[in-house]
Amino acid sequence: MRVVVNAAMSVDGKLSHRRRKQVVISGDADFDRMDAIRAENDAIMVGAGTVVADDPSLTVDDETRRAARKARGVPENPARIIADSHARCPRDAQIFDERAHTYLLVSEAAHPTRIRKLERKGVTIITAGEERVNLTSAFDALADHGIESIMVEGGGELIFSLFEEGLVDELTVFVGSMIIGGREAPTLADGEGFVAGFPKLELTNVERMDDGVVLSYVPAKK
Ligand code: NAP
């Protein structure tokens with residue numbers, strides 16, 4: 001499984017403001033770059049926090065890219081993957097519409113009735129972990145469904161867990177020329193935070209884009 005994390009943050013590392021509503025951090029060129037990465041991958045992933053906050057559709061915007069995918073014999077849109085331990089995402093969220101197939105990663109604590117209702121909508125449920133989704137096991141199960149590459153868009157809780165479990169193969173982050181501030185505002189990597197064994201990264205590219213910069217990293221060799 002290849003996992004690429006892509007996000008946009010302010011200079012002070014925030015993904016959005018303290019009320020956790022979407023903030024436009026990048027511009028047209030970065031949206032286009034993000035759309036291209038979406039189209040290249042088998043699936044696009046976010047955490048339940050992002051679904052609740054932003055109600056994203058996680059689909060490919062550009063028609064030519066969708067047509068190119070079809071010509072390659074894969075669905076127009078990549079699959080969608082949501083980490084949602086208790087199946088709390090609203091059932092009318094866009095991630096459950098018919099534009100793409102959706103995998104919901106849940107834990108054993110998710111309520112069976114909610115799961116049955118989602119299955120009836122065509123959602124594939126993958127159960128991994130007792131109280132919280134065990135991402136490593138869930139990714140193994142996704143590989144069995146033919147998912148070989150995942151683009152993760154956030155948010156900070158999910159990105160932290162992916163680094164914690166050593167699952168990130170590449171990180172690209174757009175740094176927008178703005179300050180958001182706020183100790184409660186989500187950052188690129190939230191969770192519990194590391195106090196030792198900080199994942200080290202190797203900077204592989206720097207590119208000016210819109211009114212910001214795109215930084216690309218891979219995990220540093222140990
Ligand atoms: P998030 O990372 O999208 O979702 C976190 C939730 O996912 C957790 O609370 C947890 O909820 C669920 N989850 C299940 N298994 C998990 C695991 N193993 N590790 C971590 N999470 C797991 O939420 P967030 O950190 O609150 O981020 C949302 C914010 O980020 C919003 O403000 C959104 O606008 C912003 N955002 C910005 C960008 C950007 O590029 N600027 C991109 C995406 C999102 P359960 O315990 O209920 O399962």
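Scope of the values below: all heavy atoms of this structure, side chains included, with no hydrogens, waters or symmetry mates. Indexing begins at 1, ligand by ligand and atom by atom, following the structure's order.
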Practice problem: For the pair Tyr103 and His145, name the ring-plane relationship: parallel under 30°, tilted 30 to 60°, perpendicular over 60°. | Solution: perpendicular

Practice problem: Quick one: closest heavy-atom pair of Leu188 and Ala7, and the distance? | Solution: CD1-CB, 3.9 Å

Quiz item: With backbone taken as N, CA, C and O and side chain as the heavy atoms from C-beta onward, which portion of Ser161 lies under 4.0 Å from ligand 1: side chain, backbone, both, or neither?
Solution: side chain

Self-check item: Best match, Gly47, Ala138, Ala83, Ala110: closest heavy atom to atom 12 (C) of ligand 1
Solution: Ala83

Quiz item: For Leu135, is at least one N or O under 3.5 Å away from an N or O on ligand 1?
Solution: no

Quiz item: Looking at Val133, which atoms of ligand 1 are within less than 4.0 Å of one of its heavy atoms?
Solution: 14 (C), 15 (N), 18 (N)

Quiz item: So, are Asp210 and Arg33 salt-bridged, with charged N and O less than 4.0 Å apart?
Solution: no

Quiz item: What atoms in ligand 1 come closer than 4.0 Å to a heavy atom of Asp54?
Solution: 33 (C), 34 (O)

Quiz item: Backbone or side chain, does any N or O of Asn6 fall under 3.5 Å from an N or O of ligand 1?
Solution: no

Quiz item: Got an N/O contact under 3.5 Å between Leu15 and ligand 1?
Solution: yes

Quiz item: Which heavy atom of Gly154 sits nearest a heavy atom of Thr50, and at what distance?
Solution: C-OG1, 3.7 Å

Practice problem: Please write down residue, atom name and distance for the protein heavy atom closest to atom 46 (O) of ligand 1. | Solution: Ser85 OG, 3.8 Å

Quiz item: With only distance considered, is Ile25 within less than 3.5 Å of ligand 1 through an N or O on each side?
Solution: no

Exercise. For ligand 1, indicate whether the residue Glu153 contacts it via side chain, backbone, both or neither (heavy-atom separation under 4.0 Å).
Key: backbone

Practice problem: Looking only at distances, please establish whether an N/O atom of ligand 1 is found under 3.5 Å from an N/O atom of Ile159. | Solution: no

Quiz item: Counting both backbone and side chain atoms, is some N or O of Gly49 under 3.5 Å from an N or O of ligand 1?
Solution: yes

Quiz prompt | Asp32 and Arg65 ion-paired at < 4.0 Å | solution = yes

Quiz item: Does any N or O atom in Leu158 lie less than 3.5 angstrom from one in ligand 1, N or O only?
Solution: yes

Quiz prompt | Atoms in ligand 1 with a heavy atom of Ala53 nearer than 4.0 Å | solution = 31 (C)

Quiz prompt | Atoms of ligand 1, numbered as shown, that sit under 4.0 Å from any heavy atom of Gly156 | solution = 2 (O), 25 (O), 27 (O)

Quiz item: Is the shortest side-chain N to carboxylate O distance from Lys14 to Asp12 below 4.0 Å?
Solution: no

Quiz item: Is Asp84 reaching over with its side chain to a backbone N or O of Ala48, donor-acceptor style, under 3.5 angstrom?
Solution: no

Exercise. Tell me which part of Met9 gets within contact of ligand 1: side chain, backbone, both or neither, using heavy atoms under 4.0 Å.
Key: neither

Practice problem: Indicate yes or no for a side-chain donor-acceptor contact from Arg114 to the backbone of Ala87 under 3.5 Å, with no hydrogens or angles considered. | Solution: yes

Quiz item: Does a donor on one side chain and an acceptor on the other come within less than 3.5 Å for Thr187 and Asp190?
Solution: yes

Practice problem: Within a distance under 4.0 Å of any heavy atom of Ala7, pick out the atoms of ligand 1 and give their elements. | Solution: 40 (O)

Quiz item: Of Ala87, Ala8, Gly191, which has the heavy atom at the shortest distance from atom 41 (N) of ligand 1?
Solution: Ala8

Exercise. Using a strict 4.0 Å cut-off to heavy atoms of Asp84, name the atoms of ligand 1 that fall inside it.
Key: 48 (O)

Quiz item: Looking only at N/O atoms, are Pro186 and ligand 1 under 3.5 Å apart anywhere?
Solution: no

Quiz prompt | Presence of salt bridge, Arg2 and Glu170, under 4.0 angstrom | solution = yes

Practice problem: Check whether any side-chain N or O of Lys121 sits under 3.5 Å from a backbone N or O of Arg91 as a donor-acceptor pair, and report yes or no. | Solution: yes

Self-check item: Protein residue, atom and distance nearest to atom 21 (N) of ligand 1, heavy-atom basis
Solution: Arg132 NH2, 3.4 Å

Quiz item: Gly154 heavy atoms, cut-off 4.0 Å: which ligand 1 atoms fall inside?
Solution: 3 (O), 43 (C)

Self-check item: Side chain, backbone, both or neither: Ser16 near ligand 1, heavy atoms under 4.0 Å
Solution: side chain

Quiz prompt | Geometric N/O contact Glu165 with ligand 1, under 3.5 angstrom | solution = no

Quiz item: Does Asp35 use its side chain to pair, donor to acceptor, with the backbone of Val60 at less than 3.5 Å?
Solution: no

Exercise. Considering only non-hydrogen protein atoms, determine which one is nearest to atom 47 (O) of ligand 1 and report residue, atom name and distance to 0.1 Å.
Key: Arg88 NE, 2.6 Å

Quiz item: Does Asn134 reach the main-chain N or O of Ala128 with its side chain, forming a donor-acceptor pair under 3.5 Å?
Solution: no

Self-check item: Option of least heavy-atom distance to atom 30 (O) of ligand 1 (set: Gly155, Ala48, Ala128, Gly129)
Solution: Gly155

Practice problem: Could you tell me whether the side chain of Val173 reaches within less than 4.5 Å of the side chain of Tyr217, counting heavy atoms only? | Solution: yes

Quiz item: Among all protein non-hydrogen atoms, which one is nearest to atom 44 (C) of ligand 1, and what is the separation to 0.1 Å?
Solution: Thr50 OG1, 3.2 Å

Quiz item: Considering all heavy atoms of both residues, which atom of Val23 and which atom of Ser16 are nearest to each other, and what is their separation?
Solution: CG2-CA, 3.8 Å

Quiz item: Can you find an N or O of Asp190 that's nearer than 3.5 Å to an N or O of ligand 1?
Solution: no

Quiz prompt | Spacing of Ser85 atom OG and Glu130 atom CD [to the nearest 0.5 Å] | solution = 12.0 Å

